[in-house]
Amino acid sequence: MNEKYMFTTIFRSVYIKKNIERKNNNFIKIKNKDVLEEILYNYVIKSIGYCSDYSKYYDEIGLLFENIITNIPYVYSFENLVDEINKYVEKYIKKLNEKKYTSLFIQAMTQQYSSDHIKAVVINNKNTYVIGKKSRLEEEEMPKIVIRDIDELENILEKLVATYNMSSHVYGNLLRTDEDDDIVLFFSWIIKNATTEDLSDIGKYLNKYISYVQDDTFEDFKYPNYLGNFFNDELWAKISSSDVAYETPYYFVFMLRNNHLILPYVRYGIDNGKEKTANILAIQTPNAYNPKNDELNKYIKENLPKSKNFRNYNPSHLISFTLFIGILLSKGIKQITIADYLPFRYQRFILENRKSVDELEDYQKRLTNKEIFTYMRLMEFTDGLEIINYPENNTPFILKIKDDIHFENEFLENLLNLGKSFKDKEEKKL
C-alpha cells in the first residue's frame with residue numbers, strides 16, 4: 001500500500017472516530033487528497049522517523065493523528081481543516097526544534113521504548129506530553145513518561161545539564177562535550193533511575209535529581225570520618241561520587257580499616273522538598289571478595305536472632321542501613337523513601353542478559369521482596385520506625401524515623417549510636 005494513501009486512510013478513520021466521540025455528525029469531505037497526504041506524511045516522518053514498513057505501526061500513527069484532532073478546533077471546510085493541521089504540525093515541530101534539550105530528551109526517551117516491532121509515540125494535549133508505546137500482545141508493559149508542562153521542561157533540563165557540569169564531586173557524567181549524542185546518552189541514563197511514580201511527572205523527578213547532585217548535607221563526609229569500634233576494628237565512613245550510570249550521584253561507604261573490609265554501599269539522594277527526605281535507591285554488596293566477609297557474616301548472624309517472619313533478607317545490609325539511620329538523625333533527617341522498582345533499569349537487564357519478560361518479573365520480585373524484607377526485619381527490633389506508605393500501586397516505601405528510636409537488640413543499638421554520635425567523637429584522620 002502507498003504510504004501516503006495509508007496515512008490518509010488512517011487519518012480519516014481517526015477523524016470519524018473522534019467526531020463520533022464528540023457526538024458530531026457533520027463530516028468534512030476530503031477534496032484534495034494530495035495536499036493532505038503530503039502534510040500527514042511529513043508529520044509522521046518528523047514524529048517517528050523513516051522505516052521500511054509503516055503498516056507495522058498502524059496504531060502508533062493513529063495516535064499521532066489523534067494529537068492533531070485533539071489539539072485543533074472543529075472546522076467546517078476542508079480548506080480550514082488543512083489550514084489548522086498545518087498550523088498544529090508547524091507549531092508542534094517548531095516547539096520541539098526550538099528547545100534543544102527538550103528535543104534531545106524526547107529523542108532519548110523514545111529510544112527507550114522503540115524496538116524492531118514497536119515505535120514510541122508522543123501524545124500531547126496542549127502543554128502536557130505523554131511518551132510511551134501501544135501495548136502489544138506478549139510485549140512487556142512499560143509505564144509512560146508524562147511531561148506536565150513542555151514549556152517548563154526546557155528550563156529544568158538546562159539546569160540539570162549545568163548542575164552536572166558544575167559539580168566538582170560528580171564525575172564520569174558523559175557531558176565532556178556539547179555533542180548531542182552525549183546529551184542524549186546522559187538523559188537515557190538519568191531516566192533509568194526513575195521509579196514508576198517518578199515517570200508520572202518527569203519535571204518533578206528531574207528537579208529531585210538536581211537536588212541529589214546539589215545537596216551538601218554530608219559535606220563533612222567527603223573525607224573519611226571515624227565512627228568508632230565495630231567487629232574489633234576501626235569503622236570509618238565517607239561518601240563517594242558515582243558515574244551517572246549508577247542509581248544516584250553519591251553513595252555512602254562504610255569501611256573496616258584493619259581488615260580492609262567494605263560494608264554494603266548505601267546509594268542515596270537527598271530530596272530538599274517540603275520535608276527533607278533521604279531517598280534510598282539501593283543497598284549493594286561490593287563485588288570485591290575478602291575472606292573476612294565470611295567471618296563478618298557469621299558475627300552478624302550470631303548477634304541477630306533468627307526471625308520467624310523474614311528469612312530471605314540481607315543481614316549485612318542491616319548493618320549499613322542502621323548506620324545510615326544514625327547518620328540521618330545526626331543531620332535532622334527523619335524521613336526515608338525507598339525505591340522499589342526502576343522499570344527502565346530492569347528493562348536494560350532483560351536486553352543485556354537476554355531474559356524473558358517472565359524471568360524479569362521473577363527477578364524483580366525476588367530482588368524487591370528481599371530488600372523490603374531487610375527493612376521489615378530491622379523493624380522487628382524497634383518501634384522507632386513508622387511505615388508511612390507501603391509499596392503498592394506504584395508508590396514508594398516510606399519510613400518515618402522517630403526521635404526516640406532505639407533497638408531492643410544491643411548489637412543494633414550500638415550501630416545506631418555509632419552513626420548518630422560521630423560528631424561527638426574525637427577527630428581522627430585515616
Side-chain angles (χ1 to χ4, degrees), residues 212 215 217-221 224-231 235-240 247-248 250-256 262-273 275-285 296 300 303-305 307 310 313-340 370-391 396-425:
Y212 290 175
D215 180 71
T217 300
F218 302 114
E219 190 74 10
D220 43 4
F221 279 97
N225 268 280
Y226 173 67
L227 299 183
N229 189 272
F230 173 69
F231 192 51
L235 176 65
W236 295 74
K238 72 179 292 288
I239 58 168
S240 291
E247 290 87 346
T248 53
Y250 300 103
Y251 61 101
F252 251 98
V253 182
F254 298 104
M255 305 161 285
L256 292 171
I262 306 294
L263 299 177
Y265 304 135
V266 178
R267 295 197 178 275
Y268 74 93
I270 300 298
D271 182 5
N272 292 287
E275 179 171 4
K276 201 166 186 177
T277 301
N279 293 333
I280 298 177
L281 273 78
I283 298 180
Q284 298 169 337
T285 304
L296 176 61
I300 294 170
N303 284 276
L304 293 177
S307 171
F310 305 106
Y313 72 97
N314 289 304
S316 63
H317 287 199
L318 285 183
I319 307 303
S320 295
F321 186 46
T322 305
L323 289 167
F324 189 59
I325 289 174
I327 291 171
L328 290 177
L329 280 173
S330 74
K331 297 293 184 179
I333 300 173
K334 298 173 185 175
Q335 183 157 293
I336 301 173
T337 296
I338 299 162
D340 66 319
K370 192 168 187 178
E371 284 302 296
I372 291 175
F373 290 165
T374 299
Y375 306 127
M376 298 295 287
R377 173 68 175 121
L378 189 65
M379 295 179 71
E380 288 188 312
F381 297 102
T382 181
D383 58 3
L385 289 171
E386 179 187 355
I387 297 178
I388 303 299
N389 189 75
Y390 195 79
F397 191 23
I398 303 176
L399 296 175
K400 194 83 168 179
I401 309 171
K402 296 181 181 179
D403 290 329
D404 59 350
I405 183 174
H406 71 90
F407 290 96
E408 296 171 3
N409 179 279
E410 185 180 355
F411 174 73
L412 292 174
E413 181 71 10
N414 289 337
L415 285 169
L416 178 71
N417 289 330
L418 286 175
K420 70 181 183 181
S421 62
F422 79 93
K423 279 191 174 181
D424 300 328
K425 299 184 183 302

Taking atom CD1 of Ile405 and atom NZ of Lys420, what is their separation to the nearest 0.5 Å?
-> 7.5 Å
Any side-chain heavy-atom pair of Thr337 and Asp271 under 4.5 Å | no
With a 4.5 Å heavy-atom cut-off, do Met379 and Ile387 have their side chains touching?
-> yes
How about Leu296 and Ile319: do any of their side-chain heavy atoms sit closer than 4.5 Å?
-> no
Does the Asn279 side chain pair with the main chain of Ala339, one donor and one acceptor, at a distance under 3.5 Å?
-> no
Any donor-acceptor pair under 3.5 Å linking the side chain of Lys402 with the backbone of Asp383?
-> yes
If you draw a 6.0 Å radius around CD in Glu275, do more than 12 non-hydrogen atoms from other residues or ligands fall strictly inside?
-> yes
Can Thr374 and Phe321 be said to form a side-chain contact (heavy atoms from CB on, under 4.5 Å), step by step?
-> CA-CA 9 Å; Thr374 299; Phe321 186 46; 5.9 Å; no
Working to the nearest 0.5 Å, report the span between OG1 of Thr322 and NE2 of His317.
-> 12.0 Å
Test Leu304 against Leu412 for side-chain contact (heavy atoms from CB on, under 4.5 Å), laying out the working first.
-> CA-CA 9 Å; Leu304 293 177; Leu412 292 174; 3.9 Å; yes
To the nearest 0.5 Å, atom CZ of Phe324 lies from atom CG of Leu329 at 11.0 Å
Please check if the side chain of Asn409 supplies one atom and the backbone of Asn303 the other of a donor-acceptor pair under 3.5 Å.
-> yes
Rounded to the nearest 0.5 angstrom, the CG-CG distance for Leu328 and Leu399 is 11.0 Å
Between the side chain of Glu408 and the main-chain N/O of Phe381, is any donor-acceptor distance below 3.5 Å?
-> no
Taking all atoms of both residues into account, what is the closest heavy-atom pair of Ser316 and Thr285, and its distance?
-> OG-OG1, 4.4 Å
Pairwise side-chain contact, Tyr375 with Ile283, heavy-atom cut-off 4.5 Å (strictly under) | yes
Give the intermediate values and the outcome of side-chain contact (heavy atoms from CB on, under 4.5 Å) for residues Phe221 and Trp236.
-> CA-CA 10 Å; Phe221 279 97; Trp236 295 74; over 6 Å; no
Mind checking the NZ-CG spacing from Lys238 to Leu227? Nearest 0.5 Å is all I need.
-> 13.0 Å
Phe218 and Tyr268: ring-ring contact (aromatic ring centres under 6.0 Å, His included), yes or no, with the steps?
-> CA-CA 11 Å; Phe218 302 114; Tyr268 74 93; 5.4 Å; yes
Taking the side chain as C-beta and beyond, is there a heavy-atom pair between Val266 and Leu323 under 4.5 Å?
-> no
Mind checking whether Gln284 and Glu247 have side chains closer than 4.5 Å, heavy atoms only?
-> yes
Among Phe231, Phe254, Phe252, find the one that has a side-chain contact (heavy atoms from CB on, under 4.5 Å) with Leu263.
-> Phe254
Before giving the answer on side-chain contact (heavy atoms from CB on, under 4.5 Å), spell out for Thr277 and Ile336 the whole-Å C-alpha distance, their side-chain angles and the decisive distance to 0.1 Å.
-> CA-CA 6 Å; Thr277 301; Ile336 301 173; 5.9 Å; no
Is the distance between the ring centroids of Phe397 and Tyr390 under 6.0 Å?
-> yes
Is a donor on one side and an acceptor on the other found under 3.5 Å between the side chain of Thr382 and the backbone of His406?
-> yes
Quick one: does Leu235's side chain get under 4.5 Å of Asn229's, heavy atoms only?
-> no
Nearest heavy atoms of Thr248 and Gly269, plus distance in Å = CG2-N, 4.2 Å
Starting at CG of Asp220, measure out to OG of Ser330 and round the result to the nearest 0.5 Å.
-> 8.0 Å
